[in-house]
Novice: 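First, the structure itself, so that you have it in front of you.
These values consider heavy atoms only, across backbone and side chains, with no hydrogens, waters or symmetry-generated copies.
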Amino acid sequence: MPRSGPPARPRLSRRSKIIAGLILVVLLAAILSLRGTARMWTDYLWFDSLGHGDVWTEILVYKIILSVIFIVLFFLLMYSNLAIADRLAPSSRPPGPEEDLLRHYHEAVSNRRRLVSLVIAILFALIVGGGTGGEWQKAMLFFNSVDFGIDDPQFSKDIGFYVFKLPFIQFLVSWFFRALIIVSVITAIAHYVNGGIRVQTTGQRVTPQVKVHLSVLLALIALTRAVGYYFDRFGLNFSTRGPVDGASYTDVNAQLPALNLLLLISVLSAVLLVINIWQRGWVLPVTAVGLWMIVAIVMGAIYPAIIQRFQAEPEESQKEAVYIERNIGATRYALGLDDDDDPKNGSGIVTDREFDFDTEITDEELAGNPSVLNIRLLDPDIVPNAFQVEQSERTFYTFSGEVDVDRYEIDGQTTEVVIGARNLNVADIPQQSWEGRHIQYTHGYGVAVAPVNSVTTQGSPDFVVGDVPVADTSNFEFRRPQLYIGENLTGYAIVGASIDEVDYTSDNETVTFAYDGEDGVGIGSFFRQAAFALRFGDINPLISGFVESDSRIIFNRDLRLRVQNLAPFLELDADPYPVVSDGRVKYIVDAYTTSDRYPYGQSPDVNDLPLGSGLRKEFNYVRNSVKVVVDAFDGTTTFYVIDPDDPIIRAWRKIFPGLFEDFDQMPVDLQEHLRYPEDLFRVQTSMWARYFIVNPETFYANSVTWAVAQDPGTRITARTFVDELTEAITAEETATAAATRQLERRIRPFYQLLQLPEEDDLDFVIFRPFVPISGAGDDEDERKELTAFMAAKSDIDEYGQLVVYRVPGTSIPGPSIVDAKIQADTAIAEEFTLLNQQGSTVLQGNLLMIPVGDSLLFVRPVYVQATGDTELPQVKRVIAGVGNDDDFRLVIRPTLDEALTALSDPDGLSGLPGQPSVPETDGAEPAPAPAPSVTDGEPIDEDTRRALSELISELQTTQDSLDEDRRRLDGLIEELESLLDSSDG
């Protein structure tokens, strides 16, 4: 008998496959939904752990309410019109080719019309209305608006209408217009399907009932557009048609009348469409729409273009004068640049002064001058390498790429310092297991602080706070140096686990720590562990035996992310900075309120801002209204309102009263470390360069405009033969690049502790110089002499005051000219040659400009950094300069004191830089004979000095070559001896 084969495997039917596929889809959707739910719940837990659960709840409620309102509204609009279309369907559909195409559809849905309409209405409602929750900020500000107390000059409406109400109103009008168009199109399709509209027929193509229905919908569209035209009139205040932002001559005299006419045409069109209900044919609707289109093209586009070309442009300075004046006043107020002599806009925070320049600088001006005592030798762009090498202690600690400048009282004296926080370096944790990254290595440790005006004998930062463990001093006390929150700190940490955390290592021993702060979300229950496992896509929080009932999870550890999550309506400065306060490290983050809806306000150029700045966006109003303090140990995040007069922050305080604190609640020791924010100062200086002009005609002529001074450059390596060879090889590429070059980069602002001219006290300021603009395009950078400089005060009694010093004449060099003189100076070039030996690189620090009496002192520290894996920059020389374009003196010396002495007393030092002088004798004993010199006691002239420098360089190169040959020979001898020993064995 034949052998039976294996039993056939049952095959799934097509229906079973479809069901199985649907089950898989549902399961996948459930998992994704579950993860989204877990994220929402853990977000709430995080907000609640910081005491701001009401913020999360209120934002969510607004999003849900907006989405529900617009979903329901669109659903009702769509479903009602589809229901009307079904009721107006003719009892019998006319035969023809169109009916043949639709027969199968009618057979399939003949008894399910309501279900089809319901599905279509729900689907479109979710699409059109579901995304409206993203407009929650506009809605919140609309319902909680406040007045600015200032009316716009064109329509005499309070500025609050434009900032708080107009954006949401325009969103509503735009949404209704789009919704009505979508409903009208879908309704017309429904009428076509139902037979009320036929295209391929010789009889009646549209039934009277359908004509009535569509006429009403088109009339509603016309009325909605009329409302849009009404509010578009106010949008002219943000026009960019003219020479400046704001309603221009053409906007007021042509575009505004055109909008008014279009508004009337829209209303007339709606009336004609309603009248058409009782008329036969489509003559009235076609006439209305045609008239509307003609007026829109002629009056809305052609007529304004004619007025602009033949009236505004030929006499632009005269025609636009009143509108330029409006723009100047609005921009200065909106960007916080009011002048003391300009009472129109109120606050008056800019003081304009003349600086009577003197090219000479004396010993008396230098001696004891507080600005000179705080000259910065430590460049915050360069010294992070020194911080990393000398203070990181372990690979799992790191300092950010730029340390911060602040001031502290050290030994009873206010001293400018550079400070850096020792953050956790997650990437270099020695134990990269889950336990190591999330339970053992959880935090950074302490800060390093060094005065800017002193270095060690080797040229390194002279740290007054440093090392791990950190030691208390008379100036700094640390009770909780652990940093669980920091800059660019990613991931999460679990504290309160069954094993302790690694605090630091000392003498090859690990010192542990058990977190006792307030930060973190409890993760003791199964459901919370599962929720966080879903949130982070990591099952370990759920299954790890180290997680106990009182364990907590700390996440959102990056301080900027933490602040942004709590207050997403604020924009943040790119540079938070640490402060030692109350035995802890706390970060201060500058937060801004902004708007792009200030009438006639000019939008600033934000390309000068760092990439991480919250101000790299479109805006024409800004206030630094909030100082956010984040405790790096326990995560407490406090929002202090420093500008309670700002209407935008007043509106947000109405919405979230528990989120903000009054500024006087900020501890005094934190108030002493406030800094005027750099990003805001960049914007203000860039805009003041033109908006210091108040006369409209002068402003338009652009003949006396300034620009922020060109960046003289930093970290410039001394030129070598390789540099010159590379330049020669790429000469053609360089010429091509020069032909298409762009404007030079602008100098960044610097924080300095200065005694400003005409002031008695020492101020911690942020400082930036200006140069004139001579033309357009590349010609803008032709002039580089100094024309003015601006300083913003940070000390709390004068916080926010801006002082501008105008420099008379055109003979004072700007930073780029001084830099060029430095690079061309032969004595400095020789010093660079000596310093730039094999294995080392010369780095030039920031070029500082310091007002001293009636003079301007330029100082630049010079670093030498060894090349290789350990880059430790050390200050080896200091360049100082003073004078005007015709008589500018430069010196380079080993120390700042020697450089300043050489400047104020040019004939006081006759030897080589840094050469010790011969001690004087008292007559009792003969002085020791001086060492012989190649010039037999005669002063060394410049040619001899240059020849000696070249000889020293050649000898050094020869010495390095001999040393290398000696090392190779020693290695060869060792190999031969090893070979001999092995053969003997």
Novice: Indicate yes or no for a side-chain donor-acceptor contact from R623 to the backbone of D646 under 3.5 Å, with no hydrogens or angles considered.
Specialist: no

Novice: Can you find a side-chain donor-acceptor pair between T505 and R394 that sits under 3.5 Å?
Specialist: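 A donor-acceptor contact under 3.5 Å links the two side chains.
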
Novice: Should the pair H443 and F513 be assigned to parallel (<30°), tilted (30 to 60°) or perpendicular (>60°) ring geometry?
Specialist: perpendicular

Novice: Does a side chain donor of either N374 or Q752 reach within less than 3.5 Å of an acceptor in the other side chain?
Specialist: no

Novice: Return yes when atom CD of E758 has more than 12 non-hydrogen atoms of other residues, nucleotides or ligands closer than 6.0 Å, and no otherwise.
Specialist: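 Result for CD/E758: enclosed.
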
Novice: We want to know whether E390 and S460 form a side-chain donor-acceptor pair, criterion being a heavy-atom distance below 3.5 angstrom.
Specialist: yes

Novice: Without hydrogens or angle criteria, can the side chains of R768 and T685 be said to hold a donor-acceptor pair below 3.5 Å?
Specialist: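 Per modelled atom types, R768 and T685 side chains form a pair under 3.5 Å.
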
Novice: May I ask you to decide if D54's main-chain N or O and T57's side chain share a donor-acceptor pair within less than 3.5 Å?
Specialist: no

Novice: Indicate the atoms forming the closest heavy-atom contact of V585 with P578, along with that distance.
Specialist: CG1-CB, 3.9 Å

Novice: For the residue pair N624 and I642, what are the closest heavy atoms and their distance?
Specialist: O-CG2, 3.2 Å

Novice: Evaluate the side-chain proximity of F750 to E678: yes if any heavy-atom separation is below 4.5 Å, no if none is.
Specialist: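 In short, these two side chains do not touch, never coming nearer than 4.5 Å.
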
Novice: What are the two closest heavy atoms between F660 and V626, and how far apart are they?
Specialist: CE2-CG2, 4.2 Å

Novice: Would you call N453 and I375 a side-chain contact if the rule is heavy atoms closer than 4.5 Å?
Specialist: no

Novice: Side chains of S581 and D669: any donor to acceptor distance under 3.5 Å?
Specialist: yes

Novice: Does R616 use its side chain to pair, donor to acceptor, with the backbone of L611 at less than 3.5 Å?
Specialist: no

Novice: Relative to each other, are the rings of H438 and Y492 parallel, tilted or perpendicular (30° and 60° limits)?
Specialist: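 The arrangement is parallel - the two ring planes meet at less than 30°.
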
Novice: Out of E871, K876, Q865, Q874, which residue meets the side chain to side chain contact (heavy atoms under 4.5 Å, CB included) rule with L843?
Specialist: Q865

Novice: Testing D575, D573, D406 for side-chain hydrogen bond (donor to acceptor under 3.5 Å, both in side chains) with R675, which one passes?
Specialist: D575

Novice: Where is the tightest heavy-atom contact between D763 and D795, given as atom of each residue plus distance?
Specialist: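 Answer, listing the atom of D763 first, then D795: CA-OD2, 3.5 Å.
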
Novice: What verdict does the side-chain hydrogen bond (donor to acceptor under 3.5 Å, both in side chains) test give for Q755 and S371, after you've listed the backbone C-alpha separation in whole Å, the side-chain angles of each residue and the deciding distance to 0.1 Å?
Specialist: CA-CA 6 Å; Q755 182 180 0; S371 297; 5.2 Å; no

Novice: Do NZ/NE/NH1/NH2 and the carboxylate oxygens of R535 and D43 come within less than 4.0 Å?
Specialist: yes

Novice: Quick one: does P451's side chain get under 4.5 Å of V464's, heavy atoms only?
Specialist: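 A side-chain contact exists here, since the closest heavy-atom pair is under 4.5 Å.
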
Novice: Checking E661 against T638 for the side-chain hydrogen bond (donor to acceptor under 3.5 Å, both in side chains) test, could you report, in this order, the C-alpha distance in whole Å, the side-chain angles of both residues, the deciding distance, and whether it holds?
Specialist: CA-CA 7 Å; E661 300 283 346; T638 311; over 6 Å; no

Novice: Hey, would you say the F639 and F656 ring centroids sit under 6.0 Å apart?
Specialist: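 Ring centres of F656 and F639 not closer than 6.0 Å.
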
Novice: Under 3.5 Å, side chain of D662 to main-chain N/O of Q665, donor-acceptor pair present?
Specialist: no

Novice: Are F789 and F767 close enough that their ring centers fall under 6.0 Å?
Specialist: yes

Novice: Would you check if there is a donor-acceptor pair between the side chains of D634 and T636 at a distance under 3.5 Å?
Specialist: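 A donor-acceptor contact under 3.5 Å links the two side chains.
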
Novice: For Q684 and Y676, test the side chains for any donor-to-acceptor distance below 3.5 angstrom and give the result as yes or no.
Specialist: yes

Novice: Holding to side chain to side chain contact (heavy atoms under 4.5 Å, CB included), I want the full list of residues that pass it with D467, two or more places apart in sequence or in another chain.
Specialist: Q391, E393

Novice: With sequence neighbours left out, write down each residue that passes side-chain hydrogen bond (donor to acceptor under 3.5 Å, both in side chains) with Y805, or none if nothing qualifies.
Specialist: R353

Novice: Is there a side-chain contact between L674 and M666 in this structure, where contact means two heavy atoms from C-beta onward sitting under 4.5 Å apart?
Specialist: yes

Novice: Search all heavy atoms of N846 against all heavy atoms of P380 and return the closest pair with its distance.
Specialist: ND2-CD, 4.2 Å

Novice: Would you mind reporting whether P769 and P815 have side-chain heavy atoms less than 4.5 Å apart?
Specialist: yes

Novice: Of the non-hydrogen atoms in D590 and Y799, which two are nearest, and what is the gap between them?
Specialist: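 Closest heavy-atom pair between D590 and Y799: OD1-OH, 4.5 Å.
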
Novice: In Å and rounded to the nearest 0.5 Å, what is the CD1 to CG distance from I349 to L337?
Specialist: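 Output value for this atom pair is 6.5 Å.
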
Novice: Do R562 side-chain atoms and G635 backbone N/O form a donor-acceptor pair below 3.5 Å?
Specialist: yes

Novice: Under 3.5 Å, is there a donor on one side chain and an acceptor on the other for Y441 and N425?
Specialist: no

Novice: As a quick check of understanding, evaluate ring pair (Phe, Tyr, Trp, His ring centres under 6.0 Å) for F619 and Y592, giving each step before the final call.
Specialist: CA-CA 11 Å; F619 68 92; Y592 306 101; 8.5 Å; no

Novice: Looking at D608 and R748, is there a salt bridge between them, counting it only when a charged N and a carboxylate O are closer than 4.0 Å?
Specialist: no

Novice: Decide salt bridge (charged side-chain N to carboxylate O under 4.0 Å, His left out) for D582 and R480; before the verdict, give the C-alpha distance in whole Å, the side-chain angles of both, and the deciding distance to 0.1 Å.
Specialist: CA-CA 9 Å; D582 192 28; R480 281 291 179 263; over 6 Å; no

Novice: When rounded to the nearest 0.5 angstrom, what is the spacing between CD1 in I588 and CD in Q671?
Specialist: 10.0 Å

Novice: Between F532 and F555, how do the two ring planes meet: parallel, tilted or perpendicular, split at 30° and 60°?
Specialist: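 It falls in the perpendicular class, over 60°.
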
Novice: CD of E798: more than 12 outside heavy atoms within 6.0 angstrom?
Specialist: yes

Novice: Would you mind checking if R407 and E672 are paired as a salt bridge, meaning a charged N to carboxylate O distance below 4.0 Å?
Specialist: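 So E672 does not pair with R407 through a salt bridge.
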
Novice: Identify, with sequence neighbours excluded, every residue that meets side-chain hydrogen bond (donor to acceptor under 3.5 Å, both in side chains) alongside Y504.
Specialist: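 Once residues adjacent in sequence are excluded, Y504 has no partner under the side-chain hydrogen bond (donor to acceptor under 3.5 Å, both in side chains) criterion.
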
Novice: Please tell me whether S613 and D679 have a donor and an acceptor in their side chains that are separated by less than 3.5 angstrom.
Specialist: yes

Novice: Does the side chain of N565 come within less than 4.5 Å of W56's, by heavy atoms?
Specialist: no

Novice: Using only atom types and a distance under 3.5 Å, with no angle test, would you say the side chain of R552 pairs donor to acceptor with the backbone of G522?
Specialist: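 Checking the backbone N and O of G522 against the side chain of R552, no donor-acceptor pair under 3.5 Å is found.
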
Novice: Is the Y751-F764 ring centre distance short of 6.0 angstrom?
Specialist: yes

Novice: Would a 4.5 Å heavy-atom cut-off, applied to side chains only, mark V511 and P469 as touching?
Specialist: no

Novice: Applying side-chain hydrogen bond (donor to acceptor under 3.5 Å, both in side chains) to E487 and Y577, what does each step give before you reach the verdict?
Specialist: CA-CA 9 Å; E487 295 186 68; Y577 59 98; over 6 Å; no

Novice: Would the distance check show the side chain of N423 and the main-chain N or O of G486 forming a donor-acceptor pair, the cut-off being under 3.5 Å?
Specialist: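 Between the backbone of G486 and the side chain of N423 there is no qualifying donor-acceptor contact (under 3.5 Å).
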
Novice: Side chains of V589 and L559, heavy atoms from C-beta outward: is any pair under 4.5 Å?
Specialist: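 V589 vs L559: side chains touch.
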
Novice: Determine whether a donor-acceptor pair (N or O, by modelled atom type, separation under 3.5 Å) exists between the side chain of Y515 and the backbone of T442.
Specialist: no

Novice: If you apply the rule salt bridge (charged side-chain N to carboxylate O under 4.0 Å, His left out), what do you find for D761 with K793, and how did you get there?
Specialist: CA-CA 12 Å; D761 299 324; K793 299 184 179 181; over 6 Å; no

Novice: Determine whether T351 and Q801 satisfy the following criterion, side-chain hydrogen bond (donor to acceptor under 3.5 Å, both in side chains), listing intermediate values before the conclusion.
Specialist: CA-CA 8 Å; T351 302; Q801 292 186 17; 5.4 Å; no

